Peer 1: 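Got a structure for you, written out below as structure tokens; questions coming shortly.
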Protein chains: 2
Amino acid sequence: MSLKKLPALLLAAALLVGTAPALGQETAPGIAKYVFFFIGDGMSNPQTTAAQYYNGTMENRESEVPVSKGLSFTGFPVVGLQVTHDASSFAPDSAATATAMATGQKTTSGTVNLLPDEETPLKIITEYAREAGMKIGVVTSVSLDHATPAAQYARSSHRSNQYDIAVQGLTNGLLDFLGGGGFRQTDGRRGDKRNLFEIARENGWNLVNDNEGIRAIGASSGRTLAIVPDLAGGDAMQYEVDRLAIIEDGGDSLSLKEMTSAAIRALEGGENGFFLMAEGGKIDWAAHANDVFTMIHEVNALDEAVGAALDFSQKHPGETLIVVTGDHETGGLSLGYAATGYDIDLELLRRQTMSFEAFDRVVADLRAKEAGFDEVLKAITRNFGLTLDEERSLRLTDGELQKLEDAYAMNLLPSDERDYGEEEKINYGDYQPLSVTAVHILARKAGLNFSSYAHTGLTLPVYAWGAGAEYFSGLYDNTRIFHHFMDAMGLTPDD
Amino acid sequence: MSLKKLPALLLAAALLVGTAPALGQETAPGIAKYVFFFIGDGMSNPQTTAAQYYNGTMENRESEVPVSKGLSFTGFPVVGLQVTHDASSFAPDSAATATAMATGQKTTSGTVNLLPDEETPLKIITEYAREAGMKIGVVTSVSLDHATPAAQYARSSHRSNQYDIAVQGLTNGLLDFLGGGGFRQTDGRRGDKRNLFEIARENGWNLVNDNEGIRAIGASSGRTLAIVPDLAGGDAMQYEVDRLAIIEDGGDSLSLKEMTSAAIRALEGGENGFFLMAEGGKIDWAAHANDVFTMIHEVNALDEAVGAALDFSQKHPGETLIVVTGDHETGGLSLGYAATGYDIDLELLRRQTMSFEAFDRVVADLRAKEAGFDEVLKAITRNFGLTLDEERSLRLTDGELQKLEDAYAMNLLPSDERDYGEEEKINYGDYQPLSVTAVHILARKAGLNFSSYAHTGLTLPVYAWGAGAEYFSGLYDNTRIFHHFMDAMGLTPDD
């Protein structure tokens with residue numbers, strides 16, 4: 001029952017999804033020349049549906065009935081489902097899942113483009129694309145040497161070898177564009193290695209590190225390394241919610257869409273098209289932290305980046321393929337919670353003002369001045385809307401108030417003196433107790449809940465549009481993603 | 001970007017999914033004559049993936065790497081995603097979602113085939129199919145008058161009007177086969193109405209109420225009302241896990257597959273094909289109760305029922321359409337849990353011996369004889385594997401043991417004296433405290449968690465195979481399911 005690979009059928013399918021080349025083009029019907037591979041790290045149906053329902057709610061606040069608002073990619077004509085476990089666990093890691101999609105092989109958690117023996121190298125889809133003369137680009141909202149982008153250009157026995165991974169990307173001649181966050185280990189893990197930017201310059205990279213420069217990137221920019229100037233924690237781009245606050249305050253901060261557009265401009269001049277992987281890496285981070293408001297904004301940031309690809313596709317309608325998927329689900333997010341039953345009120349989320357990461361800094365300030373709980377509660381009310389005011393829908397119950405007090409008491413202890421029992425491990429994970437408690441309470445009042453601070457085993461949708469989209473239909477193992485891309489590009493794997 | 005309805009493209013798409021009529025049949029290419037609509041109540045990706053991973057684990061217990069085992073329908077070539085909210089909530093109810101799929105219209109939670117005004121009738125897809133001369137069948141593992149089956153044959157301002165719903169099904173001439181569980185209100189809600197079986201006989205129904213009789217149902221059985229003799233709670237068929245125990249003990253109990261096969265035999269003789277909705281209704285019930293082991297077996301029972309349709313399709317390969325989907329997700333199930341992180345060990349679940357419902361009876365017995373907690377713990381160990389034995393992977397932590405003790409103490413109170421606070425509501429819902437605590441602990445040790453006792457807002461996959469399957473591609477509102485079926489059958493909605 002798998003899809004047949006006969007060209008005539010491909011052509012028919014391409015017609016069906018509205019992206020067919022003109023009839024009569026006998027050669028290579030529906031071959032994808034411009035390939036976009038968007039990965040929402042940690043993104044499955046809970047993440048996208050939460051965004052659809054939140055966006056629908058916020059744009060229809062007077063509506064008496066629930067409204068869902070589609071994302072750009074939820075309108076794609078082809079949907080698939082990928083099964084994500086890796087060779088270590090049903091709850092896989094990003095290195096292994098990115099390897100599966102980039103090489104067609106399962107490996108162990110943490111391993112990048114090597115078999116589970118951690119030695120045997122796997123050929124990367126970008127290497128095939130490169131051999132076919134395509135330009136290669138990688139964009140991510142997290143650091144450039146993180147597991148998901150790494151799997152597009154490097155091999156390593158462990159994703160934590162970020163210096164080595166970056167060196168490979170800067171020196172192996174595979175990439176034409178690398179942009180987003182920065183490097184985690186610029187001078188090596190212990191600061192005793194050659195500076196990565198020096199290596200970049202020696203290898204002909206054009207380093208662009210300011211917003212206007214990045215906005216001016218074009219076909220003449222050459223091999224481009226683009227790093228936003230306002231790096232957030234983890235050398236990542238800003239959380240979208242914090243970026244919007246910067247803009248609102250009159251500042252400037254680049255979006256994932258702008259970085260994706262820069263990549264498109266840098267890559268589009270080539271004769272043989274391009275392969276561009278763009279990652280929304282902080283959907284995962286926000287979901288790990290169980291911060292649903294921040295997570296929804298990260299989904300929206302990815303959605304807008306996909307919009308840049310759709311805009312581009314208008315220029316090359318029969319030759320562009322856009323695939324949007326995740327690598328695993330993060331957080332075990334549910335759109336429903338035991339205490340709220342059938343009630344989901346997403347509008348409550350809008351009272352949050354900043355990401356958990358930004359609130360961690362508020363907590364650090366409160367702690368530094370040994371603020372009393374009254375002052376802490378004011379900060380909670382200001383930034384999450386949670387209140388003791390009887391008349392508000394976000395009124396804290398006695399139990400919730402107690403949880404916030406307990407969390408702040410834990411926050412007042414030095415990290416190494418926080419002796420967690422079973423309950424505290426479940427309540428706080430590795431996060432700042434007060435921040436994570438606040439986002440838990442807000443999400444649950446809205447009728448949402450996270451079950452985990454880790455990745456989960458949920459299958460993921462694959463949304464496909466354009467030339468070769470039909471290959472992505474059905475349910476399949478994540479290793480098939482590699483083959484579907486290869487088929488769509490008309491390429492054949494080596495033996 | 002929606003699918004075009006040109007016949008030529010349909011033919012092409014039908015070819016693509018491997019179910020095309022012979023080329024050259026100019027009229028009505030790919031029209032579905034035999035239509036199977038399987039609804040896994042409460043089933044979305046968490047439910048099916050849990051089953052895939054559990055089944056893969058149990059069939060490969062020596063494997064060092066995780067193994068997923070596909071279900072019959074996860075191999076279908078076309079996948080879609082449906083958005084499920086109803087006119088009341090993002091966490092919809094089965095009556096409203098079944099209405100959306102059966103009529104193409106959103107309505108409020110609880111309403112069956114009427115607009116939200118609770119008056120305006122909606123035309124049901126089975127009515128269109130009937131007008132086209134197709135035979136109509138409804139199969140469910142729960143009671144025949146439950147919301148999901150009701151939406152195939154009745155209209156009501158509320159799903160709880162089960163007597164009235166049953167009367168409609170028995171008297172409106174729409175159904176040729178109705179089989180599964182029994183009726184909830186055989187003599188009316190207050191026992192003062194005409195007996196439903198009397199009404200059935202007067203209306204020419206052939207009542208079959210024994211296993212051998214149901215196994216002998218065929219084309220000559222006429223209009224058939226088939227009710228299993230061994231009804232479980234809620235006048236439903238047995239939970240699959242309890243049914244398997246009955247079989248293992250040398251007893252007999254019909255499976256959902258057997259009931260579906262009986263329906264096929266009753267319906268297949270018609271000149272103009274049939275429309276058969278078959279529901280796995282207890283996936284939902286088990287998920288409401290947060291009993292993942294029982295839930296997985298219910299998914300497997302549905303999977304086997306789909307197998308009966310696939311067997312049938314071999315006789316009519318170009319004219320059969322099989323669609324498998326859910327109506328909403330139930331329980332907010334995650335394949336991951338805060339305390340287990342990236343570890344998921346599904347093999348632990350196999351220690352469960354019976355459904356929560358069957359264990360409720362064990363608890364009732366313990367309570368009746370005022371058993372001490374030692375004896376309770378023995379029952380827990382026997383039926384869930386949870387133990388104080390230091391060497392076992394299912395060893396209870398101090399916190400878990402305390403939860404079981406607290407739950408049993410609550411169980412010892414009369415229901416109306418159980419004064420639940422915030423925590424108890426979350427811990428127990430409306431379930432027997434000891435049973436729900438046991439299934440919670442077992443699931444969490446295996447690395448799974450439920451967030452809710454209610455339905456959630458998660459989108460649902462739609463798996464489609466055969467004639468017209470291509471209509472079900474992409475992501476869409478659940479009301480589109482009606483239109484996709486209509487298109488596949490070549491039917492046009494009235495104005």
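If you're wondering where the values come from, they're calculated on a predicted model, not measured in any experiment.
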Peer 1: Parallel under 30°, tilted from 30 to 60°, perpendicular over 60°: which one fits the rings of B:His455 and B:His328?
Peer 2: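 Rings of B:His455 and B:His328: parallel, as their planes differ by under 30°.
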Peer 1: Less than 4.5 Å to any heavy atom of chain B: does that hold for the side chain of A:Asp477, its backbone, both, or neither?
Peer 2: neither
Peer 1: Indicate yes or no: at least one non-hydrogen side-chain atom of B:Val436 is less than 4.5 angstrom from one of B:Tyr453.
Peer 2: yes
Peer 1: Between B:Pro116 and chain A, which part of the residue has a heavy atom less than 4.5 Å away: side chain, backbone, both or neither?
Peer 2: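 No part of it gets close to chain A.
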Peer 1: Taking every non-hydrogen pair under 4.5 Å, which of B:Gly399, B:Ser88, B:Pro66 racks up the most with chain A?
Peer 2: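 Looking at each option in turn, the highest pair count goes to B:Pro66.
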Peer 1: Could you tell me whether the side chain of A:Trp465 reaches within less than 4.5 Å of the side chain of A:Val78, counting heavy atoms only?
Peer 2: no
Peer 1: Given the options A:Leu81, A:Thr57, A:Asp398, A:Val462, which has more heavy-atom pairs under 4.5 Å with chain B than any of the others?
Peer 2: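 The answer is A:Leu81.
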Peer 1: Considering only heavy atoms, which portion of B:Thr330 lies under 4.5 Å from any heavy atom of chain A: side chain, backbone, both, or neither?
Peer 2: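 Neither part.
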Peer 1: List the steps, then state whether salt bridge (Lys or Arg N to Asp or Glu O under 4.0 Å) holds for A:Lys403 with A:Glu424.
Peer 2: CA-CA 11 Å; A:Lys403 282 184 176 174; A:Glu424 286 83 2; over 6 Å; no
Peer 1: If I compare all heavy atoms of A:Val79 with all of B:Leu475, which pair ends up nearest, and what's the gap?
Peer 2: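 Shortest heavy-atom contact: CG2-N, 3.8 Å.
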Peer 1: Quick check: A:Tyr53 with B:His85 (ring centres under 6.0 Å apart)?
Peer 2: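 When the ring centroids of B:His85 and A:Tyr53 are compared, they turn out to be within the sub-6.0 Å range.
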Peer 1: Among B:Val67, B:Asn290, B:Asp343, which residue has the highest count of heavy-atom pairs closer than 4.5 Å to chain A?
Peer 2: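 Among the listed options, the one with the most contacts to chain A is B:Val67.
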Peer 1: Keeping to residues at least two apart or across chains, list the salt bridge (charged side-chain N to carboxylate O under 4.0 Å, His left out) pairs with something in residues 445-469 of chain A.
Peer 2: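 Residue pairs passing salt bridge (charged side-chain N to carboxylate O under 4.0 Å, His left out), neighbours aside: A:Glu400-A:Lys445.
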Peer 1: Between A:Tyr463 and chain B, which part of the residue has a heavy atom less than 4.5 Å away: side chain, backbone, both or neither?
Peer 2: side chain
Peer 1: Which of the residues A:Gly457, A:Gly332, A:Gly341 is involved in the greatest number of heavy-atom pairs with chain B at under 4.5 angstrom?
Peer 2: A:Gly457
Peer 1: Side chains of A:Leu310 and A:Ile322, heavy atoms from C-beta outward: is any pair under 4.5 Å?
Peer 2: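 Side chain of A:Leu310 against side chain of A:Ile322, heavy atoms only: contact under 4.5 Å found.
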Peer 1: Below 4.5 Å from any heavy atom of chain B, which atoms of A:Glu423 appear? Answer side chain, backbone, both or neither.
Peer 2: side chain
Peer 1: If you define the side chain from C-beta out and look only at heavy atoms, does anything of A:Asn449 sit under 4.5 Å from A:His440?
Peer 2: no
Peer 1: Any idea which of A:Ala464, A:Ser68, A:Gly421 has the most non-hydrogen atom pairs under 4.5 angstrom with chain B?
Peer 2: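 With the most close heavy-atom pairs to chain B, the winner is A:Ser68.
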Peer 1: Using a cut-off of under 4.5 Å for heavy-atom pairs, which of B:Arg444, B:Glu422, B:Lys425 has the most such pairs with chain A?
Peer 2: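 Maximum pair count with chain A is reached by B:Glu422.
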Peer 1: Using non-hydrogen atoms and a 4.5 Å limit, figure out which bit of A:Leu346 sits close to chain B: side chain, backbone, both or neither.
Peer 2: side chain
Peer 1: Does any heavy atom of chain B fall under 4.5 Å from the side chain of A:Thr84, the backbone, both, or neither of them?
Peer 2: both
Peer 1: Angle between ring planes, B:His484 versus B:Phe472, binned at 30° and 60°: parallel, tilted or perpendicular?
Peer 2: perpendicular
Peer 1: Do you know which of A:Pro461, A:Pro92, A:Gly447, A:Ala87 has the most heavy-atom pairs with chain B at a distance under 4.5 angstrom?
Peer 2: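 Looking at each of A:Pro461, A:Pro92, A:Gly447, A:Ala87 in turn, A:Ala87 comes out on top.
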Peer 1: Does any non-hydrogen side-chain atom of B:Tyr428 lie less than 4.5 Å from one of B:Asp406?
Peer 2: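 Contact flag for B:Asp406/B:Tyr428 side chains = yes.
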Peer 1: Which of the residues A:Ser109, A:Gly336, A:Gly331 is involved in the greatest number of heavy-atom pairs with chain B at under 4.5 angstrom?
Peer 2: A:Gly336
Peer 1: For chain B, which of A:Ala338, A:Ala339, A:Gly429 has the most heavy-atom pairs under 4.5 Å?
Peer 2: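 Top count of heavy-atom pairs under 4.5 Å with chain B: A:Ala338.
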Peer 1: Just by distance, with hydrogens left out, do B:Ser451 and A:Ser334 show a side-chain donor and acceptor under 3.5 Å apart?
Peer 2: yes
Peer 1: If the contact rule is any heavy atom under 4.5 Å from chain B, which residues of residues 42-51 of chain A qualify, in numerical order?
Peer 2: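 So far as heavy atoms go, A:Asn45, A:Pro46, A:Thr49 are the residues that approach chain B to under 4.5 Å.
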Peer 1: Please tell me if the side chains of A:Gln52 and A:Leu71 come closer than 4.5 Å, counting only heavy atoms from C-beta onward.
Peer 2: yes
Peer 1: Could you give the distance from OG1 (B:Thr325) to CD (B:Gln82), rounded to the nearest 0.5 Å?
Peer 2: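 CD of B:Gln82 is found 4.0 Å from OG1 of B:Thr325.
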